[in-house]
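Notes follow once the structure below has been shown.
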Amino acid sequence: MVSLPMILCVASGSTTSYLMARKLRRKIGEILLEEGLITREQLDAAIAAASGTTKKVGEVLQEQGICDEKAIVLALANQFGMTYLALDGSDDGPEPNLDLIPKDVIQKHSIIPLAKKNDKLQLVIHDPMNLELLDLLRFRLNCELEPVLSTKTAIQEYISKETGTQGSIISDTSLVTDSVDVSVDRSVDKSVDSSIDVDDDQAPVVKLVSRFITEAVRNRTSDIHLEPMEDRVVLRYRIDGVCHVRDNLPKRMQAAVLARLKLMAGVNIAEKRIPQDGRIKMEVDAEQIDFRVSACPAYHGESVVLRILRPDSVRIGLKNIGFEQENFDSFNKLIRKPNGILLVTGPTGSGKTTTLYSALDILNRPDRKIITAEDPIEYSFAGINQCQVRESIGLTFSSILRAMLRQAPNVILIGEIRDREVADIAIQAALTGHLVFSTLHTNDAPSAITRLIDMGVKPYLVASSIQAIMAQRLIRLLCTDCKAIDDNPDKKFLRIVGISDDEVATGAICKAVGCSKCGGLGYRGRKAIFEMMVMNNEIRELAFNRAPLGQIRQAGIRAGMRTLVEDGKIKILRGDTTPEEIARFAQAEALLEGNVDI
């Protein structure tokens, strides 16, 4: 008898495990024979009838009326060591929860979700041998599967009763290839031929690209990833900072889809050896959306990423970014200072640009002149002079900054301080009466001081010019429609984020559940957590003396700096997010300090 882990190994695509399973498990005919449900003559006749066809022995026995559907499925459960569920209320097992996965997936594949725990989904199926379906569902639902067996009739009757529909539907969450005819290789291959117009609106590949771009915009996706593999092209959406597999496109469509995207982005279709960057402007639901396109050569073909730039994403307002009241008041005072540097730090994708643009939106008044140097300009603002860096023609950050200072601006935004030359000009601008906003790639706020000094900036210039440094990260928020109180939170994560037993008792720690509104994830939307270090005399003295990072950090905490973990802790106790989500950023720090053993 084959164990369930072996089946899961097969569902994960392990050919070796599959061959082992075939050698080890008993045949379904032998099981039915042992249970006295069929005779040896009936089995031999069924084997002979199934020979030379694609039918299984169990199907033949069912067609001949020798065994009913339930007997066959019970034998399959015995054969594979799986659980059988009747779906008629007589079982003691978990109740089905149709909100865990999209309804169209349930109806199209005749499956029923039961429960999801630790990224493993318990799923009722009717054919454990359909390995292709199990593999597709694993990619489609982005989790491991724990199959449970029932009859196909019982599954379909339950789905029909609970959804009030007969048969499958195609909605916005169906596979992106469902409504596109991709069966004819000739139509796809011609779309990349020089004699064929790839821009023909009737071409299947054009419809496919338009469909997944439109769907991604509607589903709050931040970027679209097309990643060629050996036998398929994986389509992934990044939603709330986490990538989810959306579909697997046929390998034969790879050249046509990538050519279509490169054509839309205005880059060289024939060039596949070097990275290329472009932009797409496209109207989705009567709104003009910009896409930044990056094509990078990889082993199985070019990997293409479309970053979606929504005009309203940087105008959400400082109040809605995630500031706690104390940090909000401090930040509001800092952006109204007449001079100095305000640095926002964090890794790529942590929301630094959104925070600074929100600040500029407040300062953008007729009595202030604002100039920016950006690479690239992601969002266009009326009333602000935005300069695009173009190093190919010598228009660098440093040359733009020198020209800026001759235009007497009040506020300067530098997209990123990348080297000493840009840092020196930014500091000189701050010391001569300008307010300078910029970003830096560091893990926390105090690290920005040591990073600038490591670049070669004089310590006294760092100490005298910087007004404040703010680190930030983006965290996922719990879905307000399905979040629930966590009566037994994982103590490991509580130790990582520093939540005591007393705080657990008095707080409202919640957990992710999952529903149709959030796509079964349990999270919907993001906000930032912050670590704001305002410079004072002690911190300036430490910077001047090249003090170690630990001393600067402790001085910041003494001055009232709330760390990223502490800011996240407030949001956990308020029920906005989970300890697991904050632990994604806090775990490394906790391990270094020896606060937790994992």
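Residue-environment remark: CZ (R390) stays at or below the threshold of 12 foreign heavy atoms within 6.0 Å. Counting heavy atoms of neighbouring residues, nucleotides and ligands inside a 6.0 Å radius, atom CG of N537 does not exceed 12 of them. With a 6.0 Å radius and a threshold of 12 heavy atoms from other residues, nucleotides or ligands, N339 has its CG atom above the threshold.
Using a cut-off of 4.0 Å between Lys/Arg side-chain N and Asp/Glu carboxylate O, E416 and K352 are scored as not salt-bridged. E538 has a carboxylate O that lies under 4.0 Å from a charged side-chain N of R558, or vice versa, which qualifies the two as a salt bridge. D240 has no carboxylate O lying under 4.0 Å from a charged side-chain N of R476, or vice versa, which leaves the two without a salt bridge. One finds no salt bridge joining D247 and R211 here, because no Lys/Arg side-chain nitrogen approaches an Asp/Glu carboxylate oxygen to under 4.0 Å. By the 4.0 Å N-to-carboxylate-O rule, E302 lies close enough to K262 to be salt-bridged with it.
Atom NZ in K369 sits 15.0 Å away from atom CG in L363 (nearest 0.5 Å). Distance check, rounded to the nearest 0.5 Å: SG of C510 to NZ of K483 gives 5.0 Å.
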Under the side-chain contact (heavy atoms from CB on, under 4.5 Å) rule, what do I582 and K569 come out as? Steps first, then yes or no, please. CA-CA 8 Å; I582 300 300; K569 180 177 167 182; over 6 Å; no
Determine, step by step, whether H225 and D223 satisfy the side-chain contact (heavy atoms from CB on, under 4.5 Å) criterion, reporting the C-alpha distance in whole Å, the side-chain angles of both residues, the deciding distance to 0.1 Å, and the verdict. CA-CA 7 Å; H225 299 255; D223 38 66; 2.7 Å; yes
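Here the side chains of C479 and C515 are in contact, with some heavy-atom distance below 4.5 Å.
With hydrogens and angles left out, the side-chain atoms of T355 and Q472 include a donor and acceptor closer than 3.5 Å. Inspection of the S358 and D361 side chains reveals no N or O donor paired with an N or O acceptor under 3.5 Å.
Side chain of N364 to backbone of L360: no donor-acceptor contact under 3.5 angstrom is found.
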